[in-house]
Amino acid sequence: AVRGQARYDGNGFDAPQLAVRHRGQDGVLALRSGAHAREAAHAFEATLDAPMDAADLFARAPELDWLAPRVHGRSPWHLEVALPKQAVGDSIGTLHLQSSLVGTALDLPAPLAKPAEQALPTKVQLALPLGSGAIDVAFGERMALRARQQNGQTGVRVKLGAASVDADPPASGLVVVGRTASLDALEWIGLARGGGDGGVPLRQVDVLADELELLGGVFPDTRLKLRP
C-alpha cells in the first residue's frame, strides 16, 4: 500500500514523502523524475527507508545468495535507485543500499561475526537490472567484496581490512586478500566448501592476520597463503 501526495507538471513529477507498507513493515518512499531529479543526469530517482530482512535482500542477488543463510534479523535500510538519461553498457541504472545492520546478526567467521545489537555500517552497490554488472558490498572497514555472476558461475573477491575492492572478481570461485586483526582460517575455508550447498569454491587466499586462529591455536602476525 502507498499513501501520499505527488506533484506533476510538464517537467516530470515529485513525490517527496509517500507512506508505504511492505511485508508488514512501514516505510517512507520518495519518487522524482525529469527536472525534479536531484542529479541533472538522472531521468528518475527513488529512495526508500524501511526495516528489511537482510537475508531476503542478499537472496535476491544470485551473487550473494551464499551469504543469505548466514544473515539473521531485520534492520533499517536506506535504498536509492537512479536511472540515468543515458544508459551505460548493459546497465539501465544503479541501486545503492545502506544500513547500520543493528538488529541483524552475521553468523560468519572472524572478522565478520557480529551479534544483532552491534552496529556495522554496511553499503551495497549494484547495477540494474540485476546481473548486468558486479555487486560491491562493504561491511564497514572490516571487509569489502565484489561479486559477479556470469554463465551460471559466481566469482567473488574479498578484501579484508578495507571498505572497497580495487580489482575484478575471478571468473568463478573465491579470492581473499588483505589484512585483518583476526582471521578464523578453517571456518572461512569451510564456508567456501568447494562450491557445494551454495558455497563458492576457494581459489586463492593471501591474508596478513594480527591473530590467525587455526587448529585450536592462535598465531600472532601471520601471513596465510593458500591456493588449492
Side-chain angles (χ1 to χ4, degrees), residues 54 57-58 61-71 94 96-99 101 104-114 118-127 130-228:
L57 292 175
F58 290 154
E63 297 89 343
L64 300 178
D65 58 3
W66 57 280
L67 270 177
R70 300 284 188 138
V71 180
T94 57
H96 296 258
L97 304 93
Q98 296 183 57
S99 176
L101 285 193
T104 297
L106 299 182
D107 182 20
L108 288 161
L112 210 54
K114 184 189 86 67
Q118 185 181 83
L120 179 59
T122 296
K123 296 181 180 180
V124 183
Q125 178 178 334
L126 61 153
L130 295 178
S132 61
I135 294 181
D136 287 286
V137 183
F139 295 99
E141 296 282 347
R142 293 192 198 179
M143 185 185 92
L145 70 84
R146 177 171 293 169
R148 186 192 302 270
Q149 189 173 70
Q150 291 180 318
N151 302 319
Q153 294 185 312
T154 299
V156 181
R157 179 176 292 272
V158 170
K159 188 170 184 179
L160 298 174
S164 63
V165 175
D166 53 7
D168 289 333
S172 67
L174 175 65
V175 172
V176 183
V177 299
R179 178 159 194 160
T180 181
S182 63
L183 179 70
D184 191 333
L186 290 183
E187 286 293 323
W188 277 106
I189 293 171
L191 179 62
R193 62 180 179 270
D197 298 324
V200 180
L202 188 64
R203 301 299 186 203
Q204 180 184 352
V205 175
D206 188 354
V207 173
L208 288 169
D210 295 342
E211 291 185 348
L212 177 68
E213 301 173 28
L214 184 65
L215 300 174
V218 177
F219 302 88
D221 299 323
T222 301
R223 183 174 185 178
L224 177 65
K225 297 188 72 173
L226 178 64
R227 190 184 291 269

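The shown structure was predicted, so the numbers you read here are calculated from the model rather than taken from an experiment. Just so you know, these numbers use all the heavy atoms, side chains as well, and skip hydrogens, waters and symmetry mates.
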K.L.:
To the nearest 0.5 Å, tell me how far Arg227 CZ sits from Arg203 CZ.
P.N.:
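These two atoms lie 11.0 Å from each other.
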K.L.:
Can you list the residues that meet the side-chain hydrogen bond (donor to acceptor under 3.5 Å, both in side chains) rule with Asp210, with sequence neighbours excluded?
P.N.:
Arg179
K.L.:
Could you pull out all residues at least two apart from Ser132 that satisfy side-chain contact (heavy atoms from CB on, under 4.5 Å)?
P.N.:
Asp90, Ser91, Ala127, Pro129
K.L.:
Going by the rule salt bridge (Lys or Arg N to Asp or Glu O under 4.0 Å), which residues pair with Lys123 if we only count those two or more places apart in sequence or in a different chain?
P.N.:
none
K.L.:
How many angstroms lie between OG1 in Thr104 and CG in Asp107, if you round to the nearest 0.5 Å?
P.N.:
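Interatomic distance, Thr104 OG1 to Asp107 CG, rounded to 0.5 Å: 13.0 Å.
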K.L.:
Are Leu160 and Val177 packed together at the side-chain level, in the sense that at least one heavy-atom pair is separated by less than 4.5 angstrom?
P.N.:
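Sidechains of Val177 and Leu160: no contact.
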K.L.:
For Ala110 and Glu213, work out which heavy atoms get closest and say how close.
P.N.:
CB-OE2, 4.3 Å
K.L.:
Please confirm whether the backbone N or O of Ala162 pairs with a side-chain atom of Ser164, one donor and one acceptor, at under 3.5 Å?
P.N.:
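No: the side chain of Ser164 does not pair with the backbone of Ala162.
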K.L.:
Could you measure the distance from the OG1 atom of Thr122 to the CG atom of Leu101? Nearest 0.5 Å is fine.
P.N.:
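So the OG1 of Thr122 and the CG of Leu101 are separated by 3.5 Å.
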K.L.:
Please round to the nearest 0.5 Å and tell me the distance separating atom CG of Leu126 and atom CG of Asp136.
P.N.:
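The CG atom of Leu126 sits 9.0 Å away from the CG atom of Asp136.
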K.L.:
Run the side chain to side chain contact (heavy atoms under 4.5 Å, CB included) check on Leu202 and Leu226 step by step: do they pass?
P.N.:
CA-CA 9 Å; Leu202 188 64; Leu226 178 64; 3.6 Å; yes
K.L.:
For Arg142, what residues pass the side-chain hydrogen bond (donor to acceptor under 3.5 Å, both in side chains) criterion, not counting sequence neighbours?
P.N.:
Gln118
K.L.:
Carefully, step by step, assess Thr154 and Glu63 under the rule side chain to side chain donor-acceptor pair (under 3.5 Å).
P.N.:
CA-CA 6 Å; Thr154 299; Glu63 297 89 343; over 6 Å; no
K.L.:
To the nearest 0.5 Å, how far apart are CD in Gln204 and CZ in Arg157?
P.N.:
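Taking CD in Gln204 and CZ in Arg157, the distance rounds to 7.0 Å.
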K.L.:
Kindly compute the distance separating CG (Leu112) from CG (Leu67), expressed to the nearest 0.5 Å.
P.N.:
8.0 Å
K.L.:
Sequence neighbours left out, what passes salt bridge (Lys or Arg N to Asp or Glu O under 4.0 Å) with Asp221? Give chain and number order.
P.N.:
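Checked Asp221 against salt bridge (Lys or Arg N to Asp or Glu O under 4.0 Å); zero matches.
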K.L.:
If every non-hydrogen atom of Gly155 is compared with every non-hydrogen atom of Pro169, which pair is closest and at what distance?
P.N.:
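Nearest pair, atom of Gly155 first, then Pro169: O-CB, 3.5 Å.
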K.L.:
Under the side-chain contact (heavy atoms from CB on, under 4.5 Å) test against Leu145, which residue among Val137, Val175, Ile135 passes?
P.N.:
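It is Val137; the other options fail the test.
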K.L.:
Quick one about Glu211 and Ser182 (side-chain donor to acceptor, distance below 3.5 Å, no hydrogens or angles considered), yes or no?
P.N.:
no
K.L.:
Applying side-chain hydrogen bond (donor to acceptor under 3.5 Å, both in side chains), name anything that partners Asp206, two or more places apart in sequence or on another chain.
P.N.:
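Per chain and number, Asp206 pairs via side-chain hydrogen bond (donor to acceptor under 3.5 Å, both in side chains) with Arg223.
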